[in-house]
Amino acid sequence: MAARMLAARPFKLVSHLPSMHASTPLFARQISMDAKGFASRLVDAGLLRSQALIGGKWSDAYDGNTIKVHNPATGDVITTVPCMGQNETNDAISAASEAFSSWSKVTNVERSKCLRKWYDLLISHKEELGQLITLEQGKPLQEAMGEVTYGAGFIEFFAEEAKRVYGDIIPSPLADRRMLVLKQPVGVVGAITPWNFPLAMITRKVGPALACGCTVVIKPSELTPLTALAAAELALQAGIPPGVMNVVMGNASAIGDALLASPQVRKITFTGSTAVGKKLMAGAAGTVKKVSLELGGNAPCIVFDDADLDVAVKGTLGAKFRNTGQTCVCANRIMVQEGIYEKFVDAFTKAVQKLQVGHGFSEGVAQGPLINEAAVQKVESFVKDATSKGAKVVLGAKRHSLGMTFYEPTVLSDVKSDMIIARDEIFGPVASVLRFKTEDEALRMANDTNAGLAAYIFTNNVQRSWRVAEALEYGLVGVNEGLISTEVAPFGGVKQSGLGREGSKYGMDEYLEVKYVCLGNMSSK
Ligand code: NAP
């Protein structure tokens, strides 16, 4: 999708990357034939890492176990990475804890400079990082490079925010006292991230954590660990000290449990499914950790009769088909008012028909593969349930002729609120279109869910846009716009879509403790 929306820029392979690291990366494992061209360039740049990072050292699993990383477009194995568990995680926590004592005392200006250098390196390696994202996650290359820009943006933004961690002076009600508030880093942070944005979901957490003086143990998804490792390599090159940023991967529950059990870990930040988020929240109670959660959504996209049809079609297309429908803010329920329903479905379907499906490295492709077979089966079961209950197939609704995990961009009309497709997150390229009569009915339908992450409205009525935006029980609302995520605005959900906010000045609060200091005996001479 983003491939289409970003200005068309021909895809060019990087062929002359300077060697960024004196030592040869520890990359000596299997690489599939189709990935070899990209892999050799990434190796030259020191960015194809296949070991975890603990205390500044690249490390294998202690028992030598590995997991395979696949290219979802071909099923080929790209390489293997360590399959780690409790022991390695405990060592990463110790490294982060040791590094915290010095990193938290480094001046904000120094921390800001390190982050700025990291940002510069991420941007200067935008093409290689984009290739890596496409290779392991499948999204089209232009969209993957868009993620690098977006993800690096969090590092740039929080490099600047590092200088603005202000406290307060409270006017004292007692003459002999002075009262102040200090903001201090929380401590060691455990950051668990999903596969759909292999870079941005990490930088959105690590940027503010490091800016505040925290150190981190990151656990990326086992499906997309390579981008996390490349980002960690660039963090080392930027001068972020050993132990400040550690990356472990492998057995998710063993790693999660070790992070939860450790009293040294003072904060868990998680992006992923609501089910896992709830487990982590419960597990964090044992040591009373601070928790922030970015969980699943069920975004309504409400198109009113008075909307500009072209704006609504373009905005809905972006909100639905970004990352082949695999984002937490994807339009899950496209709710269209009856007066514009037929026109909208017709124009929207014509736009969806133009989306080219293919391997992320092919030029012009707007829709890549789904992440794995389980994702395709989930989409198929949702479509089957909907059509068996009366939804109509306007377009697609089957696997793509490319095979593998490619699914045809799909439009279903006459979807009803009680169908599974309207109640659960689709996470695939299926647009489900519902019909409503009045604004009140639209609001009731939109809010009738446990999720509350993103919502979209299309209308040319200013009063209505204000009224509906206020009444929607969601953390983010796009009005006449389908792509609203940015590092400068707060991102997060209400209800069971999460706790806390990422990005923007509010994103810093998640990594800071507030300390009240009271100075007594201040009036005596
Ligand atoms: P997931 O299955 O919950 O996995 C997310 C992360 O949690 C992965 O690193 C996973 O590891 C790990 N994990 C799984 N079980 C765990 C456990 N018991 N303890 C500790 N960690 C555990 O979600 P996903 O399928 O990767 O991502 C899709 C979901 O993320 C969707 O629901 C989407 O809406 C949500 N999401 C939300 C946002 C947001 O900002 N609100 C953004 C993006 C995605 P492994 O992968 O290695 O198993």
Side-chain angles (χ1 to χ4, degrees), residues 52 67-70 72 81-86 89 136-137 139 147 150-151 154 190-205 217-228 247-261 265 268-284 291-299 322-332 370-372 374-375 378 424-428 449-454 474-476 484-485 489-503 507 510:
I67 32 177
K68 291 173 181 160
V69 184
H70 293 94
V81 292
C83 182
M84 296 181 150
Q86 186 185 352
T89 308
E136 66 174 348
Q137 200 272 337
K139 67 179 67 171
E147 182 184 339
Y150 171 59
F154 288 102
I192 303 175
T193 57
W195 49 265
N196 61 346
F197 288 89
L199 181 70
M201 295 303 99
I202 290 176
T203 54
R204 204 161 75 170
K205 299 177 184 312
V217 177
I218 303 165
K219 196 216 83 66
S221 168
E222 65 168 321
L223 300 172
T224 56
L226 302 178
T227 308
V247 187
V248 292
M249 73 266 321
N251 183 332
S253 57
I255 294 170
D257 288 349
L259 290 169
L260 291 171
V265 176
I268 294 286
T269 170
F270 171 76
T271 297
S273 62
T274 305
V276 173
K278 285 179 181 177
K279 270 194 210 163
L280 294 173
M281 192 175 173
V291 177
S292 32
L293 303 170
E294 295 286 351
L295 308 176
N298 180 3
R322 182 181 181 206
N323 200 12
T324 316
Q326 301 171 109
T327 87
C328 51
V329 292
C330 274
N332 211 56
L370 296 191
I371 190 68
N372 55 25
K378 180 181 164 193
D424 288 346
E425 225 178 0
I426 305 167
F427 241 61
T449 167
N450 286 332
L453 188 56
Y474 287 82
L476 328 166
I484 60 175
S485 304
F491 188 104
V494 302
K495 297 202 243 175
Q496 294 185 25
S497 283
L499 286 178
R501 292 294 179 268
E502 292 191 326
E510 307 292 332

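First listed ligand is number 1; within each ligand, the first listed atom is number 1. In this text the structure is predicted, and so the values were computed from the model without any measurement.
With a 4.0 Å heavy-atom cut-off, ligand 1 is reached by the backbone of Thr193 but not by any atom from C-beta on. Contacts of Arg204 with ligand 1, taken as heavy-atom pairs under 4.0 Å, involve the side chain alone. Counting heavy atoms under 4.0 Å from ligand 1, residue Asn196 touches it through the side chain alone.
Inclusion of Ser497 in the set of residues having an N or O under 3.5 Å from an N or O of ligand 1 is not warranted.
Under 3.5 Å, the side chains of Lys139 and Gln326 contain no donor-acceptor pair of N or O atoms. Side-chain N/O atoms of Lys495 and Thr449 include no donor and acceptor closer than 3.5 Å. A donor and an acceptor atom, one from each side chain of Asn196 and Asn323, are nowhere located under 3.5 Å apart.
With hydrogens left out, the protein atom closest to atom 41 (N) of ligand 1 is Leu295 O, 2.8 Å, a heavy atom. Distance from atom 35 (C) of ligand 1 to its nearest protein heavy atom, with residue and atom name: Gly272 O, 3.2 Å. What sits closest to atom 47 (O) of ligand 1 on the protein, heavy atoms only, is Glu222 N, 2.9 Å. Residue, atom and distance of the protein heavy atom nearest to atom 16 (C) of ligand 1 are Val276 CG1, 3.6 Å. The nearest heavy-atom contact from the protein to atom 46 (O) of ligand 1 is Ser221 OG, 2.8 Å. At the shortest separation from atom 27 (O) of ligand 1 among protein heavy atoms lies Pro194 CB, 3.5 Å.
Here the closest non-hydrogen pair linking Trp195 and Gln137 is O-CG, 3.1 Å.
Which parts of ligand 1 touch Trp195 is read off a 4.0 Å heavy-atom cut-off, strictly below it: atoms 24 (P), 25 (O), 26 (O), 27 (O). Under a 4.0 Å criterion applied to the non-hydrogen atoms of Thr271, ligand 1 contributes the atoms 5 (C), 36 (N), 37 (C), 38 (C), 39 (C), 40 (O), 42 (C), 43 (C), 44 (C). Counting the atoms of ligand 1 from 1 in the order shown, those under 4.0 Å from a heavy atom of Met201 are 42 (C). Residue Leu453 approaches ligand 1 through these ligand atoms, each under 4.0 Å from one of its heavy atoms: 41 (N). Listed by number with element, the atoms of ligand 1 under 4.0 angstrom from any heavy atom of Ser253 are 17 (C), 18 (N), 19 (N). Applying the 4.0 Å criterion to heavy atoms of Phe427 picks out, from ligand 1, the atoms 28 (C), 31 (C), 33 (C), 34 (O). Taking every heavy atom of Lys219 and a limit of under 4.0 angstrom, the matching atoms of ligand 1 come to 9 (O), 10 (C), 11 (O), 12 (C), 45 (P), 47 (O).
Separation of atoms CG (Leu293) and OG1 (Thr269) is listed at 8.0 Å; rounding is to 0.5 Å. Between the CD atom of Glu222 and the NZ atom of Lys68 there is a distance of 12.5 Å, given to the nearest 0.5 Å. Ser292 contributes atom OG, which lies 6.0 Å from atom NZ of Lys205 (distance to the nearest 0.5 angstrom). Taking CZ from Phe427 and OG1 from Thr324, the interatomic distance works out to 11.0 Å, rounded to the nearest 0.5 Å. From Lys278, atom NZ reaches atom CG of Leu295 across 9.0 Å, with rounding to the nearest 0.5 Å. We find the CZ-SG distance between Phe197 and Cys328 to be 7.0 Å, quoted to the nearest 0.5 Å.
Proximity of atom 4 (O) of ligand 1 to the protein is not indicated, since no non-hydrogen protein atom lies closer than 4.0 angstrom.
Of the listed residues (Thr227, Leu223, Thr193, Leu226), just one forms a side chain to side chain contact (heavy atoms under 4.5 Å, CB included) with Pro198, and that residue is Thr227.
With a 4.5 Å cut-off on side-chain heavy atoms, Thr89 and Lys219 do not count as touching.
At least one heavy atom of Pro220 sits less than 4.0 Å from an atom of ligand 1. Residue contact annotation: Phe491 has a non-hydrogen atom under 4.0 Å from ligand 1.
When the heavy-atom distances from atom 2 (O) of ligand 1 to Ala374, Cys83, Ser273 are ranked, the shortest goes to Ser273. Taking each of Cys328, Gly190, Ala275 in turn, the one with a heavy atom nearest to atom 42 (C) of ligand 1 proves to be Cys328. Among Gly297, Ala228, Ala252, the residue whose heavy atom lies closest to atom 48 (O) of ligand 1 is Ala252. If you check each of Glu425, Glu294, Gln326, Met249 against atom 31 (C) of ligand 1, the one with the closest non-hydrogen atom is Glu425.
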(message) Determine whether Ile484 and Leu476 satisfy the following criterion, side-chain contact (heavy atoms from CB on, under 4.5 Å), listing intermediate values before the conclusion.
(response) CA-CA 8 Å; Ile484 60 175; Leu476 328 166; 3.9 Å; yes
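Under 4.0 Å is where a charged nitrogen must lie from a carboxylate oxygen, and between Glu510 and Arg501 no such pair does.
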